[in-house]
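The chains referred to below are lettered A, B, ... by the order of the sequence lines, with proteins before strands, and numbering in each begins at 1.
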2 protein chains.
Amino acid sequence: MAQKEISSAVIERLPRYYRYLDELLEEGVERISSAELSRRMQVTASQIRQDLNHFGGFGQQGYGYNVQSLYKEIGKILGLDRAQNMVIIGGGRLGQALANYVRFEKRGFRVIGIFDRNPDLVGNRVRQCEIQYVGQLEQFLRTHEVEIAALTIPRDEAEEVARLLVNNGIHALWNFAHVDLDLLLPENIVIENVHLSESLMKLSCKLNKDRWLSEE
Amino acid sequence: MAQKEISSAVIERLPRYYRYLDELLEEGVERISSAELSRRMQVTASQIRQDLNHFGGFGQQGYGYNVQSLYKEIGKILGLDRAQNMVIIGGGRLGQALANYVRFEKRGFRVIGIFDRNPDLVGNRVRQCEIQYVGQLEQFLRTHEVEIAALTIPRDEAEEVARLLVNNGIHALWNFAHVDLDLLLPENIVIENVHLSESLMKLSCKLNKDRWLSEE
DNA sequence: TAGATTGTTAATCGATTAACAATC
DNA sequence: TAGATTGTTAATCGATTAACAATC
């Protein structure tokens, strides 16, 4: 329990390292130095070494890092070394897009249920999954082991559903609704937000920067 | 041209301010102090004042901020005070989800074209938009004023399409493909990435933290 | 062994918070 | 005017980068 807390800045970067290592693997590269990886990824070699060392000495002096084993280690840190079941609440196009995304499975994420409150959507199939009525969610959670719930529903419905999920043992929410669920739920719940409209606004902000910069 | 560069940390926070101000407007709140907003948003009042002052003195001593006018000002900074045309490349479920998202229109974003290379999708309608064959994209860009392109296509196709877009005058890319387009394109192109699988990995990382924390 | 490259400590840089004078 | 709250400067904190000794 040495609990040396890892900053979220570091965690943010891990998936990107993982992606580049994956590419290196595909290219058949066996070993890589922080300097070479630095060149590819456009981050400093220092940062790479610093980041990785939070989790252990994965490298070897004079050699660098073994691509295969580093890939595996980061995978472990990301929790990709085991299967994790996921449900999707909201069977609209976004929910379907997630359910349909093949790559997730490769990473150990299994969509085992999709739920919606709209009767018109219930019964539709997305890959191997049939959209179920949201009223059956609680019963489903009691009889299945679910780690993660994705919320692809409107913001007004998100809080209520989130509470139901949490009350039934879900610890991780992938939140696409425009609410700050972290302010509404117990602290121990892990939340990752994807706020698409805010992302688009950021893009627009950067694009329009010149307009207000010249004003001042 | 005083070009006092604004840090991306600040820009990251603007859409959230905007969202909270929107809520306050709906609640009919007329004015708000940084202290009160601080309580609601769970950030320091100091940060709020600091952030806003990058763009000008929107507040008034002894009074606070006028919700309506601050909302409008931030909207301007985010580029929401005018219409911006957008095309979506990739007519799959994710592309359709974006095209279908009503809220964007409220913010001035207009989806005026969706393109796909899959003939089965071509001709399908999403709201007022018909999916067109991607071969017609270049011609379309010549005859329409487009500010933003969303890329909801597989990573292998992203680079080529991005180049075509850039060569035809697009300056802003909303990138859902798992490539770092910024490393492949000219520096002046504005890019906002939404890497869904990396977002999911982050969630998983936080959820599985305990496993590797106890090991050390 | 000599060369290369890590792990780790120290220095720098930037962002966040605190404090307070200015002012509505 | 007195009270409240901003705008802004100064202090603190944390994250990034540089440097180098340890070591494969």
Practice problem: Return the set of residues passing salt bridge (Lys or Arg N to Asp or Glu O under 4.0 Å) with A:Lys206 (not counting sequence neighbours), or none when no residue passes. | Solution: B:Glu192

Quiz item: Starting at NE2 of B:His54 and ending at P of D:dG7, how long is that distance when rounded to a whole Å?
Solution: 13 Å

Quiz item: Rounded to the nearest Å, what distance is computed from the CD atom of residue B:Gln50 to the C1' atom of nucleotide D:dG7?
Solution: 9 Å

Self-check item: Phosphate contact (C:dA15 OP1 or OP2) by B:Arg13 side-chain N/O below 4.0 Å
Solution: no

Counting only pairs under 3.5 Å, give me each side-chain donor-acceptor contact of residues 105-115 of chain B, with atom names and distances, residues two or more places apart or in other chains.
| residue | atom | partner | partner atom | Å |
| --- | --- | --- | --- | --- |
| B:Glu105 | OE2 | B:Arg127 | NH1 | 2.6 |
| B:Arg107 | NH1 | B:Tyr71 | OH | 3.2 |
| B:Arg107 | NH2 | B:Asp22 | OD2 | 3.0 |
| B:Arg110 | NE | B:Asn85 | OD1 | 3.1 |
| B:Arg110 | NH2 | B:Asn85 | OD1 | 3.3 |

Quiz item: Could you give the CD-to-C1' distance, from B:Glu5 to C:dG14, as a whole number of Å?
Solution: 14 Å

Do any N or O atoms of the protein come closer than 3.5 Å to N or O atoms of nucleotides 4-6 of chain D, and which pairs are they?
| residue | atom | partner | partner atom | Å |
| --- | --- | --- | --- | --- |
| D:dT5 | O4' | B:Gly62 | N | 3.0 |
| D:dT5 | O2 | B:Gly62 | N | 3.3 |
| D:dT6 | OP1 | B:Ser34 | N | 2.6 |
| D:dT6 | OP2 | B:Ser34 | OG | 2.6 |

Quiz item: Which ring pair (Phe, Tyr, Trp, His ring centres under 6.0 Å) pairs, counting each pair once, include a residue from residues 28-47 of chain A, with sequence neighbours left out?
Solution: none

Quiz prompt | Qualifying residues under side-chain hydrogen bond (donor to acceptor under 3.5 Å, both in side chains), relative to A:Glu27, sequence neighbours excluded | solution = A:Arg40

Side chains of residues 167-180 of chain A: which donor-acceptor pairs under 3.5 Å do they make with residues two or more places apart or in other chains?
| residue | atom | partner | partner atom | Å |
| --- | --- | --- | --- | --- |
| A:Asn167 | ND2 | A:Arg163 | O | 3.2 |
| A:Asn168 | ND2 | A:Leu164 | O | 2.8 |
| A:Trp174 | NE1 | B:Ser199 | OG | 2.8 |
| A:Asn175 | OD1 | A:Ala177 | N | 3.0 |
| A:Asn175 | ND2 | A:Ala177 | O | 3.2 |
| A:Asn175 | ND2 | A:Val179 | O | 3.1 |
| A:Asn175 | ND2 | A:Asn193 | OD1 | 2.9 |
| A:His178 | ND1 | B:Tyr101 | OH | 3.3 |
| A:His178 | NE2 | A:Ser197 | OG | 2.9 |
| A:Asp180 | OD1 | B:Arg19 | NH2 | 3.0 |
| A:Asp180 | OD2 | B:Arg16 | NE | 2.8 |
| A:Asp180 | OD2 | B:Arg16 | NH2 | 3.0 |
| A:Asp180 | OD2 | B:Tyr20 | OH | 2.6 |

Quiz item: Quick one: side-chain hydrogen bond (donor to acceptor under 3.5 Å, both in side chains) partners of A:Ser34, sequence neighbours excluded?
Solution: A:Arg49

Quiz item: Is the closest basic N to carboxylate O distance between B:Arg31 and B:Glu36 below 4.0 Å?
Solution: no

Exercise. Enumerate the residues from residues 37-48 of chain A whose closest heavy atom to DNA chain D is under 4.0 Å, giving them by residue number; use none for an empty result.
Key: A:Thr44, A:Ser46, A:Gln47

Exercise. Could you tell me which residues satisfy salt bridge (Lys or Arg N to Asp or Glu O under 4.0 Å) with A:Glu145, sequence neighbours excluded, listed by chain and number?
Key: none

Practice problem: Kindly write out the residues that satisfy salt bridge (Lys or Arg N to Asp or Glu O under 4.0 Å) with B:Arg13, not counting sequence neighbours, or none if the list is empty. | Solution: B:Asp51

Practice problem: Please map the stems of DNA chain C, keeping only stretches of three or more Watson-Crick or G-U wobble pairs with both distances under 3.5 angstrom. | Solution: C:3-24 with D:3-24

Practice problem: With sequence neighbours excluded, tell me which residues meet side-chain hydrogen bond (donor to acceptor under 3.5 Å, both in side chains) with A:Asp182. | Solution: none

